[in-house]
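The structure appears below as structure tokens.
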Amino acid sequence: MRALDILIAVRRRWRLVVIFMALCIVLSWFTAPSNSTAAKENRQQYIASQLIKSATRVSLDQVALDATAGAIPNKIRAALGVPANSLLPVPKNSDKNSPVAFNIGDVAMEVKPEGARNAVRITGTASDPYLASVVVQVLGDLVVEEWNGKDDMGMALRIEAAETEIAKLNEEISKTSALLATCDIKNATCRQNYHGQLNEKRTRLKASQSTRSTLTQQFEHRKARFSTTFAQVGSAPISTTDSVTLPTGKGARVALGLIVGLLLGSVAAFALSRSDSSIFGVSSTESATRLPVLAEIPFVSPSRRRRYDVLTHSAPMSRTADSHRGLRTSVELMWMANAEETDSLAPRTILITSAGPSEGKSTTTANLAASYAEMGKTVIVLDLDYRRRRLHRFLDADSDPHLENVGTLAEPAVDIESIALPTSIPGVRLVNSAAATYSPAEATLAGQAAILAAKEVADIVIIDTPPLLVTNDPFDLLSYADTVILIAKDAVTKISAIERATQQLRRLDAPVLGVVLIGAVSSRPGYGYGYGYGYGYGDGYGYGYGYNRSTGRSPAEALVSRNPFRRKTTVEEQTDRVSLNE
């Protein structure tokens with residue numbers, strides 16, 4: 001991506017850029033504060049911290065987890081009226097004792113295990129010092145209460161287990177004593193057995209009573225394993241931003257909106273240009289058609305009243321006029337490069353066509369005729385697009401009479417002198433197309449006869465034809481033209497359409513000189529008006545150097561033989577294979 005490509009895209013789609021800029025300016029204007037005084041904002045942050053320390057070794061990660069997630073912080077959130085959070089906070093880095101950041105309401109919390117001190121530090125930062133201190137202190141107290149409560153619960157369970165064991169042993173001792181009383185005095189074995197069991201159970205009972213006594217004393221004189229130390233940086237800010245002047249003035253807002261709109265519009269224009277399937281500049285056109293660009297006609301957006309002006313005649317010093325003169329020069333130079341010594345120095349019959357409608361055929365035809373006429377040539381313009389007759393509007397001529405076959409279908413004939421109308425351009429006459437009542441075959445025969453008749457009375461005959469992909473009319477006229485010029489509209493003509501059009505011309509071996517790019521906005525060096533294309537491309541496009549003047553072929557035949565569309569004959573293919581084998 002080059003900066004020049006972005007500039008070209010912006011120039012092509014400047015209306016889109018203007019729309020973005022206007023929207024951003026309007027948004028900036030209506031979001032500006034009503035007062036013109038700059039708003040100042042002084043933000044102070046306060047920190048509160050609490051250290052939870054354990055008297056014995058514990059899992060600090062588990063203590064930190066209880067402080068950051070679960071029921072303990074959600075109790076504080078419920079008290080503050082903020083939603084509970086079930087997601088685990090993410091550590092700031094991958095270290096085992098790294099701090100974990102999370103929020104409780106408007107307080108930014110951080111819990112960090114400190115292994116060297118066997119403690120966990122809780123800190124809270126907020127713009128309200130009271131809120132920060134309360135949240136941190138309550139969180140620390142709840143964690144300590146939770147973990148100390150875990151120790152108390154364990155000791156209580158041990159005491160309860162000892163009392164259960166004592167009750168069980170007392171019951172067993174009673175049962176054993178009762179059994180001992182049932183033994184016969186003379187039965188020494190029975191008495192000895194029960195005496196042994198009774199002594200063993202009394203020993204276990206004494207041990208359980210000692211354990212219960214010890215646990216009870218420990219529970220009564222217990223000390224909390226966890227302790228807290230609270231510290232708060234009162235009203236001292238830990239991070240104070242200087243007074244900030246916000247851009248609240250309408251002028252500053254509008255300037256900012258202008259810049260943002262320009263950037264957004266430029267990005268949108270470039271994105272549309274990249275995704276567009278139309279031809280884009282000279283390189284894209286030549287790549288799609290494999291033909292040289294004869295001339296770049298600059299983009300002109302006239303008013304509706306002047307859209308039919310022929311600028312080559314009405315504004316001879318304009319860029320558009322110069323570009324059409326460049327087209328005329330390119331056609332003549334390329335023709336001369338292939339002409340015989342006895343041939344004319346310029347093609348006498350030029351057929352103008354395009355892939356689709358509304359691509360500039362009539363405009364190019366009228367301006368090219370004017371460029372030939374200002375050189376003293378007599379020009380007849382044939383409007384053979386009878387389905388869409390517009391050429392008479394460019395040349396300021398009447399729409400009648402129509403082209404008419406005064407002969408027969410087998411031998412058509414046209415009285416060119418009676419139907420050739422004078423125009424507003426000196427030296428240029430117009431022959432209107434056949435009437436709309438004519439069938440396509442009748443219109444084609446009349447057009448062919450008109451081309452032959454016009455060549456007898458004019459130096460140059462320029463033919464305006466329908467689009468190639470819409471009708472078959474241009475193909476019936478190809479053999480009557482010395483050369484063909486293909487029209488394409490920059491950023492409008494689709495690549496697929498112009499590729500199909502050139503493929504059809506290739507199959508018919510049409511003598512195409514090149515492409516005229518309409519509406520070009522490129523200002524790159526070397527792509528001005530197309531001078532020198534006849535020599536510069538040479539044999540790379542099948543034109544220019546290498547033409548044998550002794551062959552006796554006409555310029556049109558030479559163009560056909562050297563046309564890049566032309567398919568080789570069987571004899572030529574066999575000759576090429578023999579040359580390769582040698």
Residues S358 and R388: side-chain donor-acceptor under 3.5 angstrom: yes
Check: S49 side chain, I122 main-chain N or O, donor-acceptor pair, under 3.5 Å: no
Donor-acceptor pair, side chain of T182 and main chain of L179, under 3.5 angstrom: yes
Donor-acceptor under 3.5 Å (R77 side chain, N103 main chain): yes
Shortest non-hydrogen contact from P474 toward P467: CG-O, 4.0 Å
Short side-chain to backbone donor-acceptor contact, S28 and C24, under 3.5 Å: yes
Polar side-chain atom of T353 near backbone of P466 as donor-acceptor pair, under 3.5 Å: yes
E359 side chain to T493 side chain, donor-acceptor N/O pair below 3.5 angstrom: yes
Partner of I518 under side-chain contact (heavy atoms from CB on, under 4.5 Å), chosen from V492, D490, I487: I487
Side-chain donor or acceptor of N193 paired with backbone N/O of T189 under 3.5 Å: no
Check: V293 main-chain N/O paired with E286 side-chain donor or acceptor under 3.5 Å: yes
T214 side chain vs S210 backbone, donor-acceptor pair below 3.5 Å: yes
